[in-house]
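Numbers restart at 1 for each chain; the letters A, B, ... are given by sequence-line order, proteins then strands.
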There are 2 protein chains.
Amino acid sequence: MLDAIDAAILRELQNDARISNKDLAARVNVAASTCLERVRALQRRGVLAGFHADADPAALGRPLQAYIAVRVRPHNRDVVEPFIRFVLDLPETIALSHIAGADDFLVHVAVRDAAHLQRLLLDGFTSRREVAHLETQLIFSHIRKWDIGPM
Amino acid sequence: MLDAIDAAILRELQNDARISNKDLAARVNVAASTCLERVRALQRRGVLAGFHADADPAALGRPLQAYIAVRVRPHNRDVVEPFIRFVLDLPETIALSHIAGADDFLVHVAVRDAAHLQRLLLDGFTSRREVAHLETQLIFSHIRKWDIGPM
DNA sequence: ACCGGTTCCGAATACTCTTCGGGGTATGGC
DNA sequence: GCCATACCCCGAAGAGTATTCGGAACCGGT
């Protein structure tokens, strides 16, 4: 399903999405035209879902990150879907997970400082009727692995 | 610190890191040469930390994701640093957060299936002496916002 | 108005992307 | 063995893009 060349292409593009096709081809040892077609095939197949610049939240004035675990009651579609939309529309939100367990959602946010986080929690979350419980954990450091490979 | 053009460049590149410089320039209404220089300045300043292809874990045979909350005892440098290296070397790991609270780390993993997750937990984590407590939460869905802006 | 510093632009060259025809190579039928 | 099919790969070349650089425009201070 994914041969050695595809895996190498994936690795290189996860490492640097702006590498030129020519350089990419040289790195994985195929002709540029072949490489281009393989990249497009990976996109068509959905293996390559997109290419994104990685901006540093700290450099954008948001040096503090946190996870907010949220319990939403009642936990049904009519309540959950607007809540998801609300969270994704918050500029503070970086990522949102819908999870199984005591908590229902884990929201990853980046904020200016502790006061900003407090305002977000009080005005943004606890003021909503469906939010039954909140638990916030500060993030000291967050490391994302860019090169995830096939298993 | 970040004018409207920089913000627009950031937005476009977070949306599609492989856009050509010419198209990017057209979108943000500056000359191509200006645009190129601004992108490089953003990289120099560390605002643009990198460009990464986004691979779909499910398409790579890892449709199941989970958070693993870990308590590491004793929580000191000599124990924590090897643990971090261990987690980052796991092919299953997508991201690792060092957090404040009852738990010390939150590990985001993508695995093949429940059996794979179980093996990872038992053989990878609980077999390590410093791992004092584990709590695993399955992820139903994970949405990452690509366009984080300045505040 | 003048200066210094900065930012922006456009033209030109060097380089890259992309298409497409053609040629290998593996597979399976006979 | 021999052919047909399908697949993948390659190189050449025109179209398109990146990058550099000199000069123009702007801005704030005096």
CZ of Arg62(B) to CE of Met151(A): how many Å apart, nearest 0.5 Å? 4.5 Å

Between Asp103(B) (side chain only) and Val70(B) (backbone N and O only), is there a donor and an acceptor less than 3.5 Å apart? no

Least distance between heavy atoms, Asp147(A) atom then Gln14(A) atom: CA-OE1, 3.7 Å

Neighbour count above 12 (heavy atom, 6.0 Å) for Gln118(A) CD: no

Taking only N/O atoms, report every protein-nucleotides 18-26 of chain C pair under 3.5 Å with atom names and distance.
residue: dT19(C); atom: OP2; partner: Arg40(A); partner atom: NH2; Å: 2.3

Of the residues in residues 41-48 of chain A, which ones touch DNA chain C at a heavy-atom distance under 4.0 Å? none

All N/O pairs under 3.5 Å across the protein-nucleotides 4-8 of chain C interface:
residue: dC8(C); atom: OP1; partner: Arg38(B); partner atom: NE; Å: 3.4
residue: dC8(C); atom: OP1; partner: Arg38(B); partner atom: NH2; Å: 2.3
residue: dC8(C); atom: OP2; partner: Arg38(B); partner atom: NE; Å: 3.4

Pairs under 3.5 angstrom, nitrogen or oxygen only, protein versus nucleotides 14-16 of chain D, please.
none

What is the distance, to the nearest angstrom, from the CD atom on Glu37(A) to the P atom on dC9(D)? 9 Å

CZ/Arg27(B): more than 12 non-hydrogen atoms of other groups inside 6.0 Å: no

Figure out the CG/P separation between Asp6(A) and dC8(D), and round it to whole Å. 10 Å

Got a sec, which hydrophobics cluster with Leu36(A), joining ILVMFWY side chains under 4.5 Å apart, including via others? none

Ion pair check, Asp89(B) and Lys145(A), cut-off under 4.0 Å: no

SB check Arg119(A) Asp113(A) (cutoff 4.0 Å): no

Does Ile99(B) sit in a hydrophobic cluster with other residues, and if so which ones, taking ILVMFWY side chains as linked at heavy-atom separations under 4.5 Å, directly or through other members? Tyr67(A), Ile99(A), Leu106(A), Ile139(A), Tyr67(B), Leu106(B), Ile139(B)

ring-ring contact (aromatic ring centres under 6.0 Å, His included) pairs, two or more places apart, involving residues 15-47 of chain A: none

By side-chain contact (heavy atoms from CB on, under 4.5 Å), which residues pair with Arg128(B), not counting sequence neighbours? Phe83(B), Phe86(B), Glu130(B), Val131(B)

Could you pull out all residues at least two apart from His98(B) that satisfy side-chain contact (heavy atoms from CB on, under 4.5 Å)? Phe140(A), Ser141(A), His75(B), Val80(B), Phe105(B)

Side chain to side chain donor-acceptor pair (under 3.5 Å) partners of Arg144(B), counting only residues at least two apart: none

Using a 3.5 Å distance criterion without hydrogens, assess whether the side chain of Asp54(A) forms a donor-acceptor pair with backbone atoms of Ala49(B). no

State, to the nearest 10°, the angle formed by the axis through the first five base pairs of the helix from dA1(C)-dT30(D) to dC30(C)-dG1(D) and the axis through its last five. 30°

Members sharing Leu24(B)'s hydrophobic cluster, built from side-chain contacts under 4.5 Å between Ile, Leu, Val, Met, Phe, Trp and Tyr, are Leu60(A), Ile94(A), Leu2(B), Ile5(B), Ile9(B), Leu10(B), Leu13(B), Ile19(B), Val28(B), Val30(B), Val39(B), Leu42(B), Val47(B), Leu48(B), Phe51(B), Ile148(B)

Distance, rounded to the nearest Å, where Asn29(A) contributes CG and dG11(D) contributes P: 12 Å

